[in-house]
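All remarks here apply to the structure that follows.
All values reported here derive from a predicted model rather than from experimental measurement.
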Amino acid sequence: MDVTVGVGPDTWGIWFPEDDRQPPWARYLDEAAAAGYEWIELGPFGYLPSDAAVAKAELARRGLRAASAFVAGDLAEPGKSWSSIERQLHGQGRLLSELGAKFLLLVDDNYTDLLTGKLVSPPQLDRAGFQRLIDTTRKVAEIARKEYGLQLLFHPGAETHVETEEQVEELLRRTEPELVSMVLDTGYHAYGGGDISAFLKRHADRIPYLHLKSFDSEIRAKVAAEKIPLAQAVAIGTFVELSRGVVDFAALRKTLEEIDFRGFAIFEQDVFPVPFDMPLPIARRTRQYLREIGIG
């Protein structure tokens, strides 16, 4: 087992390229380094400086390295969203390539609005819609590999069109292993009712990258009972520090040992909006917690 631990911008409440409720990018970088991390994710395109020379210098002077960044869009409706996907793809692709990163994450847009929780598209895709999502995923993967030397990792997520274990299995069946791998987000996988360790054992060859996330089981039960959308679930504190949530990370470590996992494990805690002084102590405590349980 060889786990490279990092941290993602979600922990600082960074969801958008620009939003006054998010800390400025320099504070995110400063605090990620101060919390003891060497690897970070870059966040949405446009949040960090898009000039590769500037970004490289800012990361280097803090002792940070880029693990990945993400591209997001409505993958089932590329006619509407391709221009945005393409702009992010080439922007993030050039930046990651210059920074020496290996992975590009792809995320389907939420079917609920991330600010209001309002339903903005059907929660379930029909067969044709899911095929369009697959086709868009392949197209992004091919461009990322050919033009930037990046491996595409599909990121399933809560309230997206690939959120349940069954939907993830379907995506893996219908994409080529050499073209599309995936991120296993422990929080979202359990949030959707999936078995993290069993899934990881079945698909170890497709999972070089983890997002370490957890949630409060009591709040999750309230969310399910009252059908609270993700935006509001985040706002009421559903997602919590790894040491305080439902996901058993000591058991996960044993699974990682069994499959001889070699890859990234990025800590994320979904918080938005968040008081600016809240993320750093959480990030510090979590880095220590992961050391104590033998992850990274």
Side-chain angles (χ1 to χ4, degrees), residues 8-23 25 28 41-48 69-89 91-92 105-126 128-130 132-133 136-137 140 154-164 167-168 171 183 185 187-193 211 213-216 219-240 268-276 278-279:
D10 275 12
T11 307
W12 277 261
I14 297 159
W15 283 11
F16 307 104
E18 293 183 75
D19 193 293
D20 291 342
R21 290 166 292 181
Q22 299 175 168
W25 62 264
Y28 165 52
E41 293 182 349
L42 302 184
F45 183 63
Y47 175 68
L48 285 177
F70 73 86
V71 169
D74 188 342
L75 305 180
E77 296 294 342
K80 298 178 182 178
S81 63
W82 180 252
S83 61
S84 172
I85 292 171
E86 189 174 37
R87 180 184 64 83
Q88 296 173 69
L89 170 55
Q92 299 280 47
L105 280 52
L106 181 63
V107 183
D108 185 39
D109 271 353
N110 293 80
Y111 54 73
T112 55
D113 188 281
L114 284 178
L115 292 175
T116 67
K118 181 181 177 181
L119 192 69
V120 294
S121 67
Q124 298 285 335
L125 295 174
D126 59 18
F130 200 83
R132 289 194 299 273
L133 182 147
T136 305
T137 298
V140 173
F154 193 95
H155 187 315
E159 295 185 6
T160 72
H161 293 118
V162 185
E163 61 178 328
T164 67
Q167 290 168 333
V168 181
L171 182 132
V183 178
D185 185 305
Y188 285 154
H189 201 81
Y191 193 86
H211 275 170
K213 185 181 296 175
S214 195
F215 56 86
D216 181 287
I219 302 177
R220 174 64 178 119
K222 173 184 172 68
V223 166
E226 299 180 15
K227 295 182 169 49
I228 297 173
L230 182 64
Q232 295 171 26
V234 169
I236 64 174
T238 302
F239 295 94
V240 296
E268 286 189 331
Q269 182 176 336
D270 285 5
V271 286
F272 182 87
V274 63
F276 284 10
M278 177 178 160

With side-chain contact (heavy atoms from CB on, under 4.5 Å) as the criterion, how do Arg87 and Ser83 come out once you've worked through the C-alpha distance, each side chain's angles and the decisive distance to 0.1 Å? CA-CA 6 Å; Arg87 180 184 64 83; Ser83 61; over 6 Å; no
- Could you go step by step and tell me if Leu115 and Phe16 meet the side-chain contact (heavy atoms from CB on, under 4.5 Å) rule? CA-CA 11 Å; Leu115 292 175; Phe16 307 104; 3.9 Å; yes
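- The shortest side-chain heavy-atom distance between Pro156 and Asp185 does not fall under the 4.5 Å cut-off.
- Minimum interatomic distance between Thr160 and Tyr111 (heavy atoms only, all atoms of both residues): O-CE2, 3.4 Å.
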(request) May I have the step-by-step check of side-chain contact (heavy atoms from CB on, under 4.5 Å) for Phe45 and Leu89, ending in yes or no? (result) CA-CA 9 Å; Phe45 183 63; Leu89 170 55; over 6 Å; no
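- Within the 4.5 Å cutoff, the side chain of Tyr47 has heavy atoms near those of the Gln22 side chain.
- With contacts defined as side-chain heavy-atom distances shorter than 4.5 Å, the pair Phe154/Val140 does not qualify.
- For the residue pair Ala76 and Asp108, the shortest heavy atom distance occurs at N-OD1, 4.4 Å.
- Distance check, rounded to the nearest 0.5 Å: CD of Gln232 to NZ of Lys118 gives 13.0 Å.
- You'll find the side chain of Asp10 stays beyond 4.5 Å of the side chain of Phe239, heavy atoms only.
- Val271 approaches Met278 most closely through the heavy-atom pair CG1-CE, 4.2 Å.
- A tilted orientation is assigned to the rings of His211 and His155, their planes being inclined by 30° to 60°.
- Annotation: side chain of Val234 is in contact with side chain of Trp15 (closest heavy-atom distance under 4.5 Å).
- Between the CG atom in Leu75 and the OG1 atom in Thr137 there is a gap of 5.0 Å [rounded to 0.5 Å].
- The closest donor-acceptor contact from the side chain of Thr238 to the backbone of Arg220 lies at 3.5 Å or more, if one exists at all.
- Closest of all the heavy-atom pairs between Ala72 and Ile85 is O-CG1, 4.0 Å.
- The distance from the CG atom of Leu106 to the CG atom of Leu133 is 8.0 Å, given to the nearest 0.5 Å.
- With a 4.5 Å cut-off on side-chain heavy atoms, Phe70 and Val183 do not count as touching.
- Here Glu268 contributes atom CD and Ile14 contributes atom CD1; the two are 11.0 Å apart, rounded to the nearest 0.5 Å.
- At least one side-chain heavy atom of Val274 sits under 4.5 Å from a side-chain heavy atom of Pro279.
- Interatomic distance, CG of Leu105 versus CD of Gln92, reported as 10.0 Å (0.5 Å rounding).
- Closest approach of Leu114 to Ala231, counting heavy atoms only: O-CB, 3.2 Å.
- Using a 4.5 Å cut-off on side-chain heavy atoms (C-beta onward), Ser121 and Glu77 make no contact.
- With rounding to the nearest 0.5 angstrom, the CD atom of Glu159 is 11.0 Å from the CG atom of Asp113.
- For the pair Arg21 and Phe272, the cation-pi test (distance below 6.0 Å, angle within 45°) is failed.
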What's the verdict on side-chain contact (heavy atoms from CB on, under 4.5 Å) for Ile236 and Val223, showing C-alpha distance, side-chain angles and the deciding distance?
CA-CA 10 Å; Ile236 64 174; Val223 166; 4.2 Å; yes
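- The heavy-atom pair separating Gly8 from Tyr28 by the smallest distance is C-OH, 3.7 Å.
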